[in-house]
Undergrad: 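One structure follows; several queries about it will come next.
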Amino acid sequence: MQQITMNDMTSSPRWSAFERFTKRSVWPAYAGCVWAFLYAVFVRFYQAAGGTIGLSGQPRSPETGLYMASYIMGVLILICGFILLGLVKPWGRIVPAWVPWIAGKPIPRAVILIPTLLCTAFLLAHGAAGIVTRALFLASVIDIHLPEQYWIDMDLHDMALWDLLVYEPWFLMMGLLSGLTAAHYAQASGVSPSALKRSTMLYLLFVVLLTALFICSIVFDFVEKISF
């Protein structure tokens with residue numbers, strides 16, 4: 001029987017098309033920045049200002065808990081969108097002039113790629129696991145439990161619909177855009193095609209395992225044990 005080697009898998013036309021696409025495409029970075037801006041402003045900052053659309057329950061301490069958490073998350077999401085632009089812009093590869101001692105030096109590739117890929121894995125796993133578990137909940141296959149110390153009352157059905165149709169798709173799309181941008185940056189910064197292929201396959205395996213962990217944490221209700 002003919003054996004299929006790793007080289008055969010990574011030299012397929014699909015891999016070549018992926019390399020060409022990510023090498024010349026910078027639009028995912030711009031789309032990701034806009035996607036982050038829309039979510040930060042119209043969801044996080046809106047809720048931080050007291051907006052209730054998209055909330056399916058009454059938080060116990062909105063002024064000190066929900067509002068501040070939404071504001072902080074909105075700022076972090078805006079920063080993430082700005083970082084995506086840095087991956088495709090020349091200024092994102094050089095240490096800024098205001099940084100003492102190392103100003104003007106090239107930023108090591110790993111310093112940018114590793115945090116970006118970790119965040120991308122979280123976004124993809126969060127979105128995929130959320131869509132799967134919310135769909136299973138709405139189909140009455142599983143139950144979802146929320147920490148009672150955070151909410152006075154919660155409409156779980158309404159929450160699942162919002163998550164399935166709005167929040168989790170945003171995470172999934174943001175992860176895809178971030179991943180495509182990271183692949184472009186990797187090629188632009190000198191990562192060889194063979195290394196990119198091997199790393200991508202291992203990375204996808206990591207994302208699948210992380211997604212499975214997130215799904216299990218929701219299905220078997222040990223979310224709080226792995227949260228930090």
Side-chain angles (χ1 to χ4, degrees), residues 10 15-45 48 68-128 170-211 214 226-228:
T10 58
W15 274 111
S16 300
F18 174 76
E19 292 171 32
R20 291 194 298 270
F21 174 79
T22 55
K23 187 173 184 177
R24 67 171 181 263
S25 297
V26 297
W27 65 263
Y30 293 95
C33 186
V34 173
W35 197 240
F37 174 83
L38 292 175
Y39 187 79
V41 173
F42 293 104
V43 176
R44 289 303 184 178
F45 291 158
M68 182 56 64
S70 293
Y71 177 76
I72 293 174
M73 287 303 300
V75 172
L76 291 176
I77 289 169
L78 284 180
I79 293 174
C80 290
F82 183 74
I83 290 175
L84 288 186
L85 287 183
L87 293 177
V88 298
K89 291 290 188 179
W91 50 261
R93 301 172 189 173
I94 302 296
V95 178
W98 50 266
V99 178
W101 301 303
I102 58 174
K105 293 185 178 181
I107 300 176
R109 184 169 57 207
V111 171
I112 297 179
L113 267 182
I114 292 177
T116 302
L117 291 175
L118 289 176
C119 291
T120 299
F122 172 81
L123 290 167
L124 291 172
H126 191 299
W170 179 88
F171 276 98
L172 190 60
M173 180 59 68
M174 191 66 192
L176 291 172
L177 294 172
S178 179
L180 291 173
T181 304
H184 171 84
Y185 173 83
Q187 294 193 76
S189 59
V191 174
S192 66
S194 59
L196 176 66
K197 295 168 187 174
R198 290 192 300 270
S199 301
T200 301
M201 296 182 70
L202 292 174
Y203 182 74
L204 291 177
L205 176 60
F206 170 71
V207 171
V208 170
L209 294 175
L210 186 62
T211 301
F214 283 7
I226 65 171
S227 61
F228 55 90

Undergrad: Please work out whether the ring planes of F214 and H126 are parallel, tilted or perpendicular, with thresholds of 30° and 60°.
TA: perpendicular

Undergrad: Decide yes or no for Y185 and R93: does some side-chain heavy atom of the first lie under 4.5 Å from some side-chain heavy atom of the second?
TA: yes

Undergrad: Considering residues at least two apart in sequence or located in another chain, which fulfil the ring pair (Phe, Tyr, Trp, His ring centres under 6.0 Å) criterion with H184?
TA: none

Undergrad: Any side-chain heavy-atom pair from L123 and W170 closer than 4.5 angstrom?
TA: yes

Undergrad: Atom CG in L205, atom OG1 in T200: separation rounded to 0.5 Å?
TA: 12.5 Å

Undergrad: Not counting sequence neighbours, which residues clear side chain to side chain donor-acceptor pair (under 3.5 Å) with K23? List them please.
TA: none

Undergrad: Evaluate whether atom CZ of F21 has more than 12 neighbouring non-hydrogen atoms of other residues, nucleotides or ligands under 6.0 angstrom away.
TA: yes

Undergrad: So, taking the atom named OG in S178 and the one named CE in M173, what distance separates them when rounded to the nearest 0.5 Å?
TA: 13.0 Å

Undergrad: Identify the heavy atoms of P106 and I94 that sit nearest to each other, and give their distance.
TA: CA-CD1, 4.1 Å

Undergrad: Which residues pass the side chain to side chain contact (heavy atoms under 4.5 Å, CB included) test with I107, sequence neighbours left out?
TA: V95, V111, I112

Undergrad: Below 3.5 Å, can you tabulate the donor-acceptor pairs from side chains in residues 71-88 to any protein atom, sequence neighbours excluded?
TA:
none

Undergrad: A121: what forms a side chain to side chain contact (heavy atoms under 4.5 Å, CB included) with it, not counting sequence neighbours?
TA: Y203, F206, V207, L210

Undergrad: Of all residues at least two apart in sequence or in a different chain, which pass the side chain to side chain contact (heavy atoms under 4.5 Å, CB included) check with I114?
TA: A110, L118

Undergrad: Looking at every heavy atom in both A186 and L196, which two are closest together, and how far apart are they?
TA: CB-CD1, 4.3 Å

Undergrad: Could you measure the distance from the CD atom of Q187 to the CZ atom of R24? Nearest 0.5 Å is fine.
TA: 10.5 Å

Undergrad: Please examine the side chains of T181 and Y30, heavy atoms only from C-beta on, and report whether any two atoms are closer than 4.5 Å.
TA: no

